[in-house]
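Residue numbering restarts at 1 for every chain, and letters A, B, ... go by the order of the sequence lines.
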Amino acid sequence: MTVRQDLAALIEKALGKAQDIGALPQFPPPPVEVTPTKPQFGDYSSNVALTLARVARMSPLQIAEIIRQHMPVNEMLSEVSVAPPGFLNMRLDPIWLARRVEDIEAKGRTWSHSSVGRGKKVQVEFVSANPTGPLHFGGARNAVLGDTLARVLAAVGYEVQREYYVNDAGTQMRKFGETLYARYAQALGEDIPVPEDGYMGQYMVEYGRHIAAQHGRRFLDMDREKAIEALTDLGLEIVLEGLKKDLADLRVEFDNWFSERSLYRDGTFEKVLALLRERGYMYEKDGAVWFAATKLGGDKDEVIIRSTGEPGYFASDIAYHYNKFVLRGFDWVIDVWAVDHQGHVPRMKIMMQALGLDPDRLTIVLYNLVTLKRHGQEVKLSKRSGDIITLREVLDEVGPDPIRFMLLTRSNESKIDFDLGLAVEETQENPVYYVQYAHTRIAGILRKARSDGWEDWSDGDVTLLTHPSEQALLKKIIDLPDLLITVADRLEPHHLTYYAQELATQFHAFYRDCRVVDPANPEMTKARLRLVAAVKTIFAHLLEDLLGMSAPEVM
RNA sequence: GCCCCCGUAGCUCAGUGGAUAGAGCACCUGGUUGCGGACCAGGAGGUCAGAGGUUCAAAUCCUCUCGGGGGUGCCA
């Protein structure tokens, strides 16, 4: 149970008790929310009394007062008070708060975890960029967003699978194969032009050369179609290897790389088509096969199989999601998409209905685009030449930490300007180092303590930790489990970076006010070393486990 | 045309029904005979784009207007 959950439970008990003895009229138990509040009011606050005024037909102030009188005796709170127009304010007991250090010591990095996910199977599908070349820097936002969500969902008790959908079928792959064939042939001195709408990037030339060097002329000697097929597979291998490497360096790993082709090969596609036909959602018109989205409230029907006989992307999306929900049994699926795909969200929901699935089991997280800047000047992510700014280039220039942190400092729907100059600047405009410095500073304190001869401080008395700055720091810490629940609930990981900055601020303020290693006061030193070590655990957890960054011992 | 997102301090942005709207940067004042100053404290800075509405309570929900972005293919 988190602090907010515990306090809400106390209020619920008080409400029940007041109703039992007739101090409050009967009404169904309301949802009780407890939120942190400003110091002048207390530590936490609840507005239940305000929401109950109508149903209880009493003034909010009266209701709050009755709740206050019936609050169960407990060790968490030192004071419960009522404030107009009807707030219930609670102050934590300083000793109880100080003892949270023992909790953190006992549980370590899993201290922030909760079980609101109740082991539900959730899949986060993200990145899923066409495997036709290296990852565009814009894709980094998708990667960081999906990865961080997966980390947080796991922390709050979901069983999470991370998946990359490999679009290895369809027209883009065909174009890729044809382009690669041309580049391969050119590498061997043949004058074969790249198709009009092919992939013009320099990387395709390199792939061609690479394959030419490894395999010689053998693909030129075979049937062109066969050669393209073989080259497509070889190219795909090279691309996937690169994607895995780049993503791994961004500290993003996937549990599964799901092949679109497999849907056609194992019969899933045909099966789903038959299912939809059986349910009356399919018809033919103008030589194409259509999905009757309008039957389920959609704006217009959608082409499933083009008149050329090729299935469109929507067709494989249907089969793919059938596979996720029906064949693999995910309770919940989260797809992470850039906003320019927003138009597909409604039809995905309709598809769920057509498959007889609850649309709420599919959540599409949309995020806005990233523009790359250097000293305030925009750098185009893709050029007419087909060359792009790759994730690899930015990784090599600034490293994974600033990329991850910066891409999480904005809400999903907000655009991001990523400034390459700023990302590595060690100034106050760059919050990345500010947060990491807090961790480093603690490491420095612990080093200092050991070099001064402190070896074992496990018997320190944590109840001495009642200085306002110690208490403020602890209050910030104990909000983390609730924060993770909020992030998981709203699928908004940017709250993590704000929290990290606030926690760092509280730590730096503590550092200013409270000397840790103090030979004149060994008892306080041991207590504070316990505190500081616990805070270090929290920072390490936040940075490494949740944000996927490094938590440096020295900077 | 229709649909979606955004508009909050000079700048970049948090804040999705509660109390006096916050942070960082920039600007102005200060702070170390200290465990790492990559730090800290204080000040100044607001018609929450505008207008109506719902509510005990609105930056937040609803309607309209203005401004910016995106979407609206037998592309993905």
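- Across all strands shown, A/Asp419 has no heavy atoms under 4.0 Å from either base or sugar-phosphate atoms.
- Closest-nucleotide positions on RNA chain B for A/Phe41 and A/Glu553 were compared, and the one nearer the 5' end corresponds to A/Phe41.
- In this structure, A/Lys38 reaches the B/G22 phosphate: one of its side-chain N or O atoms is under 4.0 Å from OP1 or OP2.
- As rounded to the nearest Å, B/C6 and B/U63 have P atoms that lie 14 Å from one another.
- In this model, the phosphate group of B/C35 is not approached by any side-chain N or O of A/Arg450 to a distance below 4.0 Å at OP1 or OP2.
- Nucleic acid contact for A/Arg54: sugar-phosphate only, since backbone atoms but no base atoms lie under 4.0 Å from a heavy atom of the residue.
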Kindly give the atom pairs (protein nitrogen or oxygen, nucleotide nitrogen or oxygen) under 3.5 Å for nucleotides 1-9 of chain B.
unit_1 : atom_1 : unit_2   : atom_2 : d
B/C4   : O2     : A/Gln342 : OE1    : 3.3

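- To the nearest whole angstrom, the two C1' atoms, one in B/G15 and one in B/C27, are 25 Å apart.
- Among the atoms of the strands shown, base atoms are found under 4.0 Å from some heavy atom of A/Ala288.
- No N or O donor and acceptor, one from the side chain of A/Asp513 and one from the base of B/A41, sit under 3.5 Å apart.
- In this structure, A/Gln471 contributes its side chain and A/Leu465 its backbone to a donor-acceptor pair below 3.5 Å.
- Rounded to a whole angstrom, the distance from the C1' atom of B/A51 to that of B/A59 is 16 Å.
- One N or O on the side chain of A/Arg447 and one on the backbone of A/Glu553 form a donor-acceptor pair closer than 3.5 Å.
- Here, B/C28 and B/C35 have their C1' atoms 31 Å apart, quoted to the whole Å.
- For the pair A/Phe418 CZ and B/U12 P, the computed distance is 18 Å after rounding to whole Å.
- At the heavy-atom level, A/Asp286 lies under 4.0 Å from base atoms of the strands shown.
- Listed nucleotides B/G15, B/C56, B/A19 differ in distance to A/Leu50; the shortest reach to its side chain belongs to B/C56.
- Residue-to-nucleotide contacts include no donor-acceptor pair under 3.5 Å from the side chain of A/Ser411 to the base of B/A14.
- Among the heavy atoms of the strands lying under 4.0 Å from A/Asn47 is at least one base atom, whether or not backbone atoms are also near.
- With P as the reference atom, B/U20 and B/G24 are 23 Å apart, rounded to whole Å.
- With a 3.5 Å ceiling on both atom-pair distances, B/U54 lacks any Watson-Crick or G-U wobble partner.
- Per the geometry, CZ belonging to A/Arg512 stands 11 Å off C1' belonging to B/G42, to the nearest Å.
- A/Lys415 places its NZ atom 7 Å from the P atom of B/G69, with the value rounded to the nearest Å.
- Although no hydrogens or angles enter the test, the distance criterion places no donor-acceptor pair under 3.5 Å between the side chain of A/Ser45 and the main chain of A/Phe41.
- Across all strands shown, B/U72 pairs with B/G1; the Watson-Crick or G-U wobble distances both stay below 3.5 Å.
- Counting atom types as modelled, A/Thr308 pairs no side-chain N or O with a base atom of B/C74 as donor and acceptor under 3.5 Å.
- Looking at heavy-atom distances under 4.0 Å, A/Val554 makes contact with a base.
- For the pair A/Thr179 (side chain) and A/Tyr199 (backbone), a donor-acceptor distance under 3.5 Å is present.
- In terms of position along RNA chain B, the nucleotide closest to A/Thr51 lies nearer the 5' end than the nucleotide closest to the other residue of the pair A/Gly343 and A/Thr51.
- With C1' as the reference atom, B/U54 and B/C62 are 7 Å apart, rounded to whole Å.
- Nucleotide B/G22 forms a pair with B/C13, judged by Watson-Crick or G-U wobble geometry with both contacts under 3.5 Å.
- Going from the C1' atom of B/A19 to that of B/A58 covers 14 Å, rounded to whole Å.
- In this structure, A/His508 does not reach the B/G36 phosphate: none of its side-chain N or O atoms is under 4.0 Å from OP1 or OP2.
- A sub-4.0 Å separation between OP1 or OP2 of B/U16 and a side-chain N or O of A/Arg490 is present.
- For the pair A/Gln172 CD and B/C74 P, the interatomic distance rounds to 16 Å; values are reported in whole Å.
- Figure legend. B/G36 is base-paired to no nucleotide; pairs are counted as Watson-Crick or G-U wobble with both atom distances under 3.5 Å.
- The distance between atom OH of A/Tyr499 and atom P of B/G22, rounded to the nearest whole Å, is 20 Å.
- In this entry B/G43 has B/C27 as its Watson-Crick or G-U wobble partner, both defining distances falling under 3.5 Å.
- Residues satisfying the salt bridge (Lys or Arg N to Asp or Glu O under 4.0 Å) criterion with A/Arg141, sequence neighbours excluded, are absent altogether.
- Among the atoms of the strands shown, base atoms are found under 4.0 Å from some heavy atom of A/Tyr511.
- With a cut-off of 3.5 Å on both Watson-Crick or G-U wobble distances, the partner of B/G67 is given as B/C6.
- Note: CD1 (A/Ile445) to C1' (B/C35) measures 5 Å, nearest angstrom.
- Stacking of A/Tyr498 onto the six-membered ring of B/A14 is not present when judged by under 5.5 angstrom between centres and under 30° between planes.
- For the pair A/Met406 CE and B/U12 C1', the computed distance is 11 Å after rounding to whole Å.
- No option in A/Asp479, A/Val535, A/Leu531 other than A/Leu531 meets the side-chain contact (heavy atoms from CB on, under 4.5 Å) test with A/Leu474.
- Side-chain atoms of A/Ser259 come within 3.5 Å of backbone atoms of A/Arg261 as a donor-acceptor pair (strictly under, hydrogens ignored).
- The separation between A/Asp197 atom CG and B/C75 atom P is 12 Å, rounded to whole Å.
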Give every donor-acceptor pair under 3.5 Å between a side-chain atom in residues 125-139 of chain A and any protein atom, sequence neighbours left out.
unit_1   : atom_1 : unit_2   : atom_2 : d
A/Glu125 : OE1    : A/Lys324 : NZ     : 2.8
A/Glu125 : OE2    : A/Ser128 : OG     : 2.7
A/Ser128 : OG     : A/Phe126 : O      : 3.3
A/Ser128 : OG     : A/Tyr165 : N      : 3.0
A/His136 : ND1    : A/Gly138 : N      : 3.0

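- Heavy atoms from other residues, nucleotides or ligands lying under 6.0 Å from CG of A/Asp299 number 12 at most.
- For A/Tyr437, taking side-chain heavy atoms from C-beta onward, the closest of the listed nucleotides B/G18, B/U16, B/G36 is B/G36.
- Residue A/Glu33 is out of contact with every strand shown, counting any heavy-atom pair closer than 4.0 Å.
- Spacing of P atoms, B/G7 relative to B/A14, comes out at 8 Å, to the nearest Å.
- A/His341 comes within 4.0 angstrom of a nucleotide base, judged by non-hydrogen atoms across all strands.
- With salt bridges taken as basic N to acidic carboxylate O contacts below 4.0 Å, none links A/Arg174 and A/Glu310.
- A/Gln436 comes within 4.0 angstrom of no nucleic acid atom, judged by non-hydrogen atoms across all strands.
- Annotation: A/Gln377, atom CD; neighbour count of heavy atoms from other residues, nucleotides and ligands within 6.0 Å does not exceed 12.
- Taking all atoms of both residues into account, the shortest heavy-atom contact from A/Ile403 to A/Ala140 is CG2-CB, 4.4 Å.
- At a threshold of 4.0 angstrom between heavy atoms, the contacts of A/Thr440 include nucleobase atoms, whether or not backbone atoms are also involved.
- Within 4.0 Å (heavy atoms only), A/Arg441 reaches sugar-phosphate atoms of the nucleic acid but no base atom.
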